Asks: 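Take this structure first; my questions come after.
Whatever order the structure lists them in is the order used to number ligands and atoms, beginning at 1. We number each residue from 1, following the sequence as shown. What you see is a predicted model; the values in this text were computed from it and never measured.
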Amino acid sequence: MKTSIATVSISGDLAEKLQAIAAAGFDGVEIFETDFLTFNGSPREVGQMVKDRGLEITVFQPFRDFEGLPEPHRTRAFDRAKRKFDLMAELGTDLMLVCSSVSPLALGGIDRAAADLHELGDIAERMGMRIGYEALAWGRHVNDHRDAWEIVRRADHRYVGLVLDSFHTLARRIDPDTIRSIPGDKIFIVQLADAPMIDMNLLSWSRHFRNMPGEGDLNVVDFMRAVVATGYDGPLSLEVFNDQFRGGSPGTIAIDGHRSLVYLMDQVRRAEPSLAVGTPALPERGEVEGVEFIEFAADDADAERLGRAFKQMGFARAGRHRSKDVTLYRQGDINLIVNTEREGLAHSAYITHGTSAYAIGLRVADACGTIERGVALGAQSFSQPVAAGELMIPAIRGLGGGIIYFVDQRSDLGRLWDVDFVTAPPEPGFGLTRVDHIAQTTDYGEMLTWLLFYQSILAVRKSPMVDVLDPGGLVRSQAIENESGTLRLTLNGADNSRTLAGRFITATFGSAVQHLAFATDDIFASAEAMRQAGFDSLPISENYYDDIAARFGLDDEFIGTLKRLHILYDQDGTGEFFQLYSRTSDAGFFLEVVQRSGGYQGYGAVNAPFRIAAQRWTMPPGPSD
Ligand SMILES: O=C(O)c1ccc(O)c(O)c1
Ligand SMILES: [Mg+2]
């Protein structure tokens, strides 16, 4: 199946857009008229630019306010169309998208519109063109693909077909299964877009908030299943109007778009195996069984500091890499690696970001399958030389230039610690059992990119976005987790550098992992042991404890213990959540210990403002304070 994307979906001038679209692997492009009109060159030159990049023009659009007009407007509309057909011949494309009229002059009437389209079909045929009719969700008389199809059916012309656009259908909550009865050869092109669920008027929602399939909340998979069921085998064309994308990186948005289409077709194939999906099958999404390790890049002085901090939390120095300057700290199922090598990716990560948790190792059911899937979805695989006898751990590049390694039990990768490390016997520790969650910070503009990256490659789902109030601004936070809770990531999007999250991005030149949370089954015992080992926990305001005492009706003794140990507390109706924080590093990195009880699934978002306030009093002032 051919892939295509509208020029409106990408930022930049026409040349930049085409370059990014071709580089991301698309076969075709929809030329949006304004992108052509604002280009300082002839239609022939545009056609050549498209060809030179190995692309074809899938459709020229939009042609507005055509059908149902009274005279003299009707004749004018036909003249306008003829001029555009001439232009299209120069551009080198034969399909024009006619979107349903929004003109107050349009008269309505299915037969009138069908007659207009039939007549235009005759002209198109003579000029070697075809027309596709699309129902805009806010069209004056036609705003439903079922009506558009009825008009196309009655127009009864070989050169007149239907255009389906997932946004217009799904935004109006029209059952996509109504598409199944349309003949596939009468669908001339299919446009795809998703959108977040927001309650607003259709036009504004469409023009500003569309996003790539899989990034929003619409059921684009069911829409596409219905399209495939018709036998349609034309291009899948993204048409995404999004304010953020218009100002984003052309290359990244184009790659996200291509990834979204590959992922969409993979979901269609899995949801309805009997359909003839014309794209290659992919290995299934990586089933994450746990976080196997977190690796830090550091210089010697910071490695000392990190080692000390880990010991104060009950980690033991548990091993050394056989050939590299790499130390393993271990407690329960948590493996923390500190890499002070002077070459390789760890060193480049250190040079770029300073001391940082630049690599994450995930335990999956099938490491090679997960990599294969990632690469098919446009992720970059990563490898660097290893010494003889050591393991080459498969990896892809992730957020902030970091690395995600994959290990599994089905290969030698399951013996990583024995093969690559000389390890010591386990020590008891302070009760920390596993990595509860990994918090990554990114620019707000990149959140959808990483959401799609994780969701398309790993078997995870996203939770609703929550707002984290920071005195410097709002940080948007969204969790990405699997069913069993063995992988929990939180993505925090900062849109300025005055928030703690924004400061972290600036201070580390875009390192991603800002904090790590470890789980315990008894936070009071862990906190007590950590305190005795010299752990300097983040102090929390008295006011906070007064508030939770009142909010949850907690008794004095319990509140006294929370207060003394600097533990934050939350309930969600199904269970309880306890949190304890370290102080932050100068750059804003920190560690957390949490205890979940009952069915608590959240991350203590209500406590975040108190944590942030406490971090602010205890941190050195930032450059913009
Ligand atoms: O917003 C619009 O006007 C518009 C134009 C053309 C389309 O294909 C579309 O889906 C929307
Ligand atoms: Mg459209």
Asks: Short list, please: which atoms of ligand 1 are under 4.0 Å from a heavy atom of His168?
Replies: 9 (C), 10 (O), 11 (C)

Asks: Measuring from the heavy atoms of Phe167, does anything fall under 4.0 Å of ligand 1?
Replies: no

Asks: Answer with side chain, backbone, both or neither: which part of Arg210 has a heavy atom less than 4.0 angstrom from an atom of ligand 1?
Replies: side chain

Asks: Considering residues at least two apart in sequence or located in another chain, which fulfil the ring pair (Phe, Tyr, Trp, His ring centres under 6.0 Å) criterion with His437?
Replies: His515, Tyr603

Asks: Examine all N, O or S atoms of Gln191, backbone included, and report whether one is under 2.8 Å from the Mg ion (ligand 2).
Replies: yes

Asks: Any idea which N/O/S atom from Glu134 gets closest to the Mg ion (ligand 2)?
Replies: OE2

Asks: Have a look at ligand 1 and work out which part of Phe63, if any, has a heavy atom under 4.0 Å from it: side chain, backbone, both or neither.
Replies: neither

Asks: Which of the N/O/S atoms in Glu239 sits closest to the Mg ion (ligand 2)?
Replies: OE1

Asks: Which atom, among the N/O/S set of Asp165, is closest to the Mg ion (ligand 2)?
Replies: OD2

Asks: Just verifying a value: how many Å separate Ile21 CD1 and Ile5 CD1, rounded to the nearest 0.5 Å?
Replies: 5.5 Å

Asks: Can you confirm whether more than 12 heavy atoms, excluding those of Glu71, are under 6.0 Å from its CD atom?
Replies: yes

Asks: Looking at Thr506, is its backbone amide N or carbonyl O close enough to the side chain of Ser497 to form a donor-acceptor pair, meaning the two atoms are under 3.5 Å apart?
Replies: no

Asks: Can you check which of Leu136, Val8, Leu97 brings a heavy atom nearest to atom 4 (C) of ligand 1?
Replies: Leu136

Asks: Report yes or no: do Thr499 and Arg503 form a side-chain donor-acceptor pair below 3.5 Å?
Replies: no

Asks: Under 4.0 Å from a heavy atom of Gln191: which atoms of ligand 1 are those, numbered in the order shown and with their elements?
Replies: 8 (O)

Asks: Out of all atoms in ligand 1, which are within 4.0 Å of some heavy atom of Glu134? Include the element for each.
Replies: 6 (C), 7 (C), 8 (O), 9 (C), 10 (O)

Asks: Using side chain to side chain donor-acceptor pair (under 3.5 Å) as the criterion, point out the one residue from Asp256, Asp443, Thr442 that pairs with Thr449.
Replies: Asp256

Asks: Name the orientation class of the two ring planes belonging to Phe453 and Trp450 (parallel below 30°, tilted from 30 to 60°, perpendicular beyond 60°).
Replies: perpendicular

Asks: For the side chain to side chain contact (heavy atoms under 4.5 Å, CB included) test, which of Ile360, Val364, Leu458 pairs with Leu487?
Replies: Leu458

Asks: Could you tell me, atom by atom, which parts of ligand 1 come under 4.0 Å of a heavy atom of Gln61?
Replies: 6 (C), 7 (C), 8 (O)

Asks: Short list, please: which atoms of ligand 1 are under 4.0 Å from a heavy atom of Trp138?
Replies: 1 (O), 2 (C), 3 (O)

Asks: Which ligand 1 atoms, with their elements, are less than 4.0 angstrom from a heavy-atom of Arg207?
Replies: 1 (O), 2 (C), 3 (O)

Asks: Honestly, is Arg80 close enough over Phe66, meaning NZ or CZ under 6.0 Å from the six-membered ring centre and within 45° of the axis?
Replies: no

Asks: Answer yes if the ring centres of Phe32 and Phe241 are under 6.0 angstrom apart, and no otherwise.
Replies: yes

Asks: Just to confirm my output: which protein heavy-atom neighbour is closest to atom 7 (C) of ligand 1, and how far is it?
Replies: Glu239 OE2, 2.9 Å

